[in-house]
Amino acid sequence: MTGRTVIFGGTFDPIHIAHLALAEGAADELGAERVLFVPAGTPPHKGGARLSAAKQRLRMVELAVLGNDRFAVSRVEIDREGRSYAVDTIRQIAREENGGRPLYLIGADSLADLGSWREPDAILEEAEVVVAPRPGFDPERAPGDRRGRVRVLATPRLDLSATAIREKVRRGESIRYLVPDAVRDYIERHGLYVERKERGDGAAG
Ligand code: ATP
């Protein structure tokens with residue numbers, strides 16, 4: 001691997017077109033060789049909520065990235081025992097890539113939460129954290145010195161969340177064009193999100 005890798009972690013329950021558009025825009029803007037999507041095994045902040053099975057979330061990410069040569073999927077968090085901490089993922093992927101400093105992509109909402117993640121300073125040192133703007137979250141107003149330690153991308157603000165997708169499915173509304181067709185088929189086939197109370201906590205980890 002010669003170019004840099006963008007690590008993009010998330011619950012991806014389900015992956016949606018904002019994730020994909022941001023990843024594509026980030027790869028372009030950063031001149032990165034690839035984006036590695038890393039579905040969380042057991043997310044620290046969402047662990048108690050009713051989450052789709054890790055293998056289902058992984059499968060949806062695999063379906064979503066098909067056909068994009070710059071996109072790949074990593075199972076590191078799903079295969080690792082215990083909770084999925086970003087800092088462990090960054091270290092593991094950096095080791096596998098001979099010690100380079102990876103890029104780590106998060107949305108502006110995640111930047112606002114970063115202080116509650118495990119070893120936030122180590123994350124900011126060991127990866128170059130890049131932030132996608134998101135409606136309702138101003139990366140310029142990130143707490144402490146965090147704003148000065150990250151790069152804010154010029155990717156568009158896309159008002160879409162996995163929560164909104166799950167709610168639409170539950171209400172019987174169409175999610176066409178909001179997720180890739182293959183992901184929509186998977187959700188339908190497996191009856192995901194049909195009868196599910198929404199979780200209260202929207203944090204990533
Ligand atoms: P949920 O609604 O279940 O909390 P989500 O849509 O935020 O999910 P996650 O899988 O939690 O999706 O997000 C993975 C990463 O993508 C996080 O860093 C999150 O900030 C970022 N992200 C997701 N949607 C957007 C968006 N519309 N704009 C910017 N960043 C986003």
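Counting convention: from 1, in listed order, for ligands and their atoms alike. Hydrogens, waters and symmetry mates play no part in the numbers below; they use all other heavy atoms, side chains included.
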Subject >> Heavy-atom pair with the smallest gap, counting every atom of A18 and L160 >> reply: N-CD2, 4.0 Å

Original post:
Less than 3.5 Å between some nitrogen or oxygen of A162 and one of ligand 1, yes or no?
Top reply: yes

Original post:
What do you reckon, does D13 have a nitrogen or oxygen under 3.5 Å from a nitrogen or oxygen of ligand 1?
Top reply: no

Original post:
Counting N and O atoms only, with roles assigned by atom type, does the side chain of R101 sit under 3.5 Å from a partner on the main chain of E125, one being a donor and the other an acceptor?
Top reply: yes

Subject >> A18: numbered ligand 1 atoms lying under 4.0 Å from its heavy atoms >> reply: 27 (N)

Original post:
By number and element, which atoms of ligand 1 are closer than 4.0 Å to a non-hydrogen atom of T163?
Top reply: 1 (P), 2 (O), 3 (O), 4 (O)

**OP:** Spell out, as yes or no, whether a donor-acceptor pair under 3.5 Å connects the side chain of R151 to the backbone of E128.
**Re:** no

Subject >> Which of the ligand 1 atoms, numbered from 1, are nearer than 4.0 Å to a heavy atom of R166 >> reply: 3 (O)

Subject >> Nearest candidate to atom 22 (N) of ligand 1, where distance is taken over non-hydrogen atoms, out of E167, R157, R134 >> reply: R134

Original post:
Is any N or O atom of I106, backbone or side chain, closer than 3.5 Å to an N or O atom of ligand 1?
Top reply: no

Original post:
Which ligand 1 atoms, with their elements, are less than 4.0 angstrom from a heavy-atom of L158?
Top reply: 26 (C), 27 (N), 28 (N)

**OP:** Tell me, please: is P135 in heavy-atom contact with ligand 1, that is, under 4.0 Å?
**Re:** no

Subject >> Heavy-atom donor-acceptor pair, S74 side chain to V38 backbone, under 3.5 Å >> reply: no

Original post:
Is the side chain of R134 donor-acceptor paired with the backbone N or O of R157 at a distance under 3.5 Å, no angle test?
Top reply: no

Original post:
Is P133 touching ligand 1 with its side chain, its backbone, both, or neither, if touching means heavy atoms under 4.0 Å apart?
Top reply: backbone

**OP:** Measure up the F12 and F8 rings against each other and bin them: parallel (under 30°), tilted (30 to 60°), perpendicular (over 60°).
**Re:** perpendicular

Original post:
L66 versus F71: any side-chain heavy-atom pair under 4.5 Å?
Top reply: no

**OP:** Check if F8 has a non-hydrogen atom at a distance under 4.0 Å from any atom of ligand 1.
**Re:** yes

Original post:
Taking R34 for the side chain and R4 for the main chain, is one N or O donor matched with an acceptor at less than 3.5 Å?
Top reply: no

Subject >> G107-ligand 1 polar pair, N/O distance under 3.5 Å >> reply: yes

Subject >> Residue D109 vicinity, atoms of ligand 1 by number, heavy atom under 4.0 Å >> reply: 19 (C), 20 (O)

Subject >> Ligand-side contact atoms (ligand 1) for residue partner G10, heavy atom cut-off under 4.0 Å >> reply: 10 (O), 14 (C)

Original post:
Does the N or O separation between D159 and ligand 1 drop below 3.5 Å for any pair?
Top reply: no

Original post:
Of the backbone atoms (N, CA, C, O) and the side-chain heavy atoms from C-beta on, which set of H16 has a member under 4.0 Å from an atom of ligand 1: side chain, backbone, both, or neither?
Top reply: side chain

Original post:
Can you list the atoms of ligand 1 that are under 4.0 Å from a heavy atom of S161?
Top reply: 2 (O), 6 (O)

**OP:** Would you verify whether the NZ or CZ of R118 falls within 45 degrees of the ring axis of Y85 while also being under 6.0 Å from that six-membered ring's centre?
**Re:** yes

Subject >> Exceeds 12 heavy-atom contacts within 6.0 angstrom, atom CZ of R141 >> reply: no

Original post:
In terms of atom number and element, which parts of ligand 1 are under 4.0 angstrom from non-hydrogen atoms of G9?
Top reply: 14 (C), 15 (C)

Original post:
Can you check whether G3's main-chain N or O pairs, donor with acceptor, with E33's side chain at less than 3.5 Å?
Top reply: yes

Original post:
Just by distance, do the side chain of E29 and the backbone of A154 share a donor-acceptor pair under 3.5 Å?
Top reply: yes

Original post:
Does an N or O from F12, backbone or side chain, lie closer than 3.5 Å to an N or O of ligand 1?
Top reply: yes

Subject >> Test of proximity, L105 against ligand 1: N or O pairs below 3.5 Å >> reply: no

